[in-house]
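None of these values were measured; they are calculated from a predicted model.
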Amino acid sequence: MRRHRFTAAVLGLALGCMIVAQANAQAPTLQEQLAAQYKIVKMGSDTSGYSVVDPGTLLAIQKGGILAVPYSDKTILTTKYEGGAVHSPNGMMVTGRQKLFGHFSQTASQAQTTHLFQSGDKVYPTKIDVNVDKDTVAMAIVACDTCNKTDPPTYNKAQILFQFPKGSLGKASAGDVEDTIGQLLSISDDSQQGGDQQGGGDQQGGQQQGAQQQGGQGQGGGSGPQQQAEPQTIQMGMTMDQVQGALGQPAKVVNLGPKQIYVYKDLKVTFFGGKVVDVQ
């Protein structure tokens with residue numbers, strides 16, 4: 001009898017460990033969630049130079065001050081973003097880099113070429129690194145020269161180091177981190193429309209049709225204006241179908257297994273197990 005009880009206890013403990021391990025395995029890391037939100041661009045080169053092979057998530061720069069160098073440059077400059085402020089690389093560091101790489105690996109004209117991104121410039125992410133121990137998220141970017149109408153194309157590149165308060169990154173949600181990144185690099189509306197143009201058109205068509213129906217009711221009776229003034233309500237626990245019924249088709253869908261994110265033009269709805277758990 002004791003042996004059976006011991007065996008049952010061991011099996012129960014093992015089953016519990018397996019359940020916990022499975023739950024942990026299903027939980028996406030911050031790195032994975034950011035990688036799902038920001039698609040990395042693929043660059044290539046031929047005899048004519050560098051070019052974009054597969055576009056990534058198009059980002060719009062919100063604040064000037066990000067210092068960049070041409071994509072062909074051997075180094076990359078890091079701009080720090082902390083507390084809502086942009087900290088560009090200082091002049092002495094840039095001058096030292098110019099002398100070092102201008103002497104050993106590049107011509108003087110190449111080494112002295114830098115570019116200061118302006119607010120409104122469009123870029124693609126080329127790499128994302130999360131360092132929880134240092135409370136930093138590093139994102140490398142490259143210019144979308146066709147979007148910025150840069151001729152001849154140079155595909156200027158840079159790196160932004162997002163510095164979070166000490167001990168905060170390990171506790172922060174992906175949405176919180178994305179909000180901080182969005183202060184400097186927001187997802188462009190052009191990216192959302194291009195990523196799912198048909199879905200966006202369906203959503204817009206549905207909204208127009210709904211507006212026409214409401215307008216017709218307004219002509220037939222006094223209830224039309226009142227219905228138009230009522231906002232759509234998204235509540236915790238709503239299903240995906242209910243959200244789509246209220247907001248229409250999302251511009252983007254981020255699939256993270258049990259967790260999914262519907263991205264609209266000015267709203268993000270997070271589902272877990274098919275039910276709404278967060279709205280931003």
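Side chains of Gln163 and Thr136: no donor on one and acceptor on the other come within 3.5 Å. For the residue pair Asn148/Thr150, the side-chain donor-acceptor check at 3.5 Å is not satisfied. Donor-acceptor pairing under 3.5 Å is recorded for the side chains of Gln244 and Gln249.
If you chain together hydrophobic residues whose side chains sit under 4.5 Å apart, Leu116 and Leu161 never meet in one group. Cluster membership check: Phe164 shares its hydrophobic cluster with Leu30, using side-chain heavy-atom separations under 4.5 Å among Ile, Leu, Val, Met, Phe, Trp and Tyr. Hydrophobic clustering of Ile, Leu, Val, Met, Phe, Trp and Tyr side chains at less than 4.5 Å, counting indirect connections, unites Ile40 with Ile181.
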* To do: Verify side-chain contact (heavy atoms from CB on, under 4.5 Å) between Ile160 and Ile66, making sure each step is shown before the conclusion.
  => CA-CA 8 Å; Ile160 300 96; Ile66 302 174; 4.0 Å; yes
* Worked verdict on Asp278 versus Phe271 for side-chain contact (heavy atoms from CB on, under 4.5 Å) -> CA-CA 7 Å; Asp278 189 26; Phe271 301 88; over 6 Å; no
* Start with the C-alpha gap between Leu58 and Cys147, add the side-chain angles, then the distance that decides, and say whether side-chain contact (heavy atoms from CB on, under 4.5 Å) holds. => CA-CA 9 Å; Leu58 189 63; Cys147 307; 4.0 Å; yes
* Asked: Going through the checks in order, is the side-chain contact (heavy atoms from CB on, under 4.5 Å) test met by Gln37 and Thr57?
  -> CA-CA 8 Å; Gln37 178 73 348; Thr57 300; over 6 Å; no
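Scanning both residues, Tyr264 and Pro250, for their nearest heavy atoms gives CE2-CA, 3.5 Å. Annotation for Glu178 and Gln33: closest pair OE2-O, 4.3 Å, computed over non-hydrogen atoms. The shortest non-hydrogen separation linking Gln31 to Ile128 is NE2-O, 2.7 Å. Taking every heavy atom of both residues into account, Lys63 and Tyr81 meet most closely at NZ-OH, 3.1 Å. Here the shortest heavy-atom pairing between Thr239 and Gln242 reads N-OE1, 2.9 Å. Considering every non-hydrogen atom in both Met43 and Val53, the closest pair reads C-CG2, 3.8 Å.
The structure places CG of Asn156 at 9.0 Å from OG1 of Thr114, a figure rounded to the nearest 0.5 Å. Here the CG-NZ distance, from Asp135 to Lys171, works out to 10.0 Å after rounding to the nearest 0.5 Å. Rounding to the nearest 0.5 angstrom, the gap separating the CD atom in Gln159 from the OG1 atom in Thr78 is 4.0 Å. Rounded to the nearest 0.5 Å, atoms CG (Asp179) and CD (Gln280) are 5.0 Å apart. Atom OH in Tyr38 sits 5.0 Å away from atom CD1 in Ile187 (nearest 0.5 Å). Atom CZ of residue Phe272 and atom CD1 of residue Ile261 lie 12.0 Å apart, to the nearest 0.5 angstrom.
Here the side chains of Leu59 and Pro125 are in contact, with some heavy-atom distance below 4.5 Å. Residues Val276 and Val243 form a side-chain contact, since some pair of their non-hydrogen atoms from C-beta on lies under 4.5 Å apart. Using a 4.5 Å heavy-atom cutoff, the side chains of Lys268 and Val279 are not in contact. Side-chain contact between Thr113 and Val69 is absent, with no heavy atoms from C-beta onward closer than 4.5 Å. At least one side-chain heavy atom of Leu184 sits less than 4.5 Å from a side-chain heavy atom of Val86. Using a 4.5 Å heavy-atom threshold, the side chains of Ile141 and Leu185 count as touching. Contact annotation: the side chain of Thr126 never approaches that of Lys157 to less than 4.5 Å [non-hydrogen atoms, C-beta and beyond]. Under the 4.5 Å side-chain criterion, counting only non-hydrogen atoms from C-beta, Leu34 is in contact with Val130.
Side chain of Asp73 to backbone of Pro70: no donor-acceptor contact under 3.5 angstrom is found. For the pair Lys80 (side chain) and Pro89 (backbone), a donor-acceptor distance under 3.5 Å is absent. No donor-acceptor distance shorter than 3.5 angstrom exists from the side chain of Gln235 to the backbone of Thr233, with no hydrogens or angles considered. Judged by distance alone, the side chain of Ser88 and the main-chain N or O of Gly65 form a donor-acceptor pair under 3.5 Å.
By the 4.0 Å N-to-carboxylate-O rule, Asp54 lies close enough to Lys39 to be salt-bridged with it. Between Lys149 and Asp151 no salt bridge is recorded (no basic side-chain N to carboxylate O distance below 4.0 Å).
Here the options are Tyr155, Tyr50, Tyr124, the test is ring-ring contact (aromatic ring centres under 6.0 Å, His included), and the partner is Tyr71; only Tyr50 passes.
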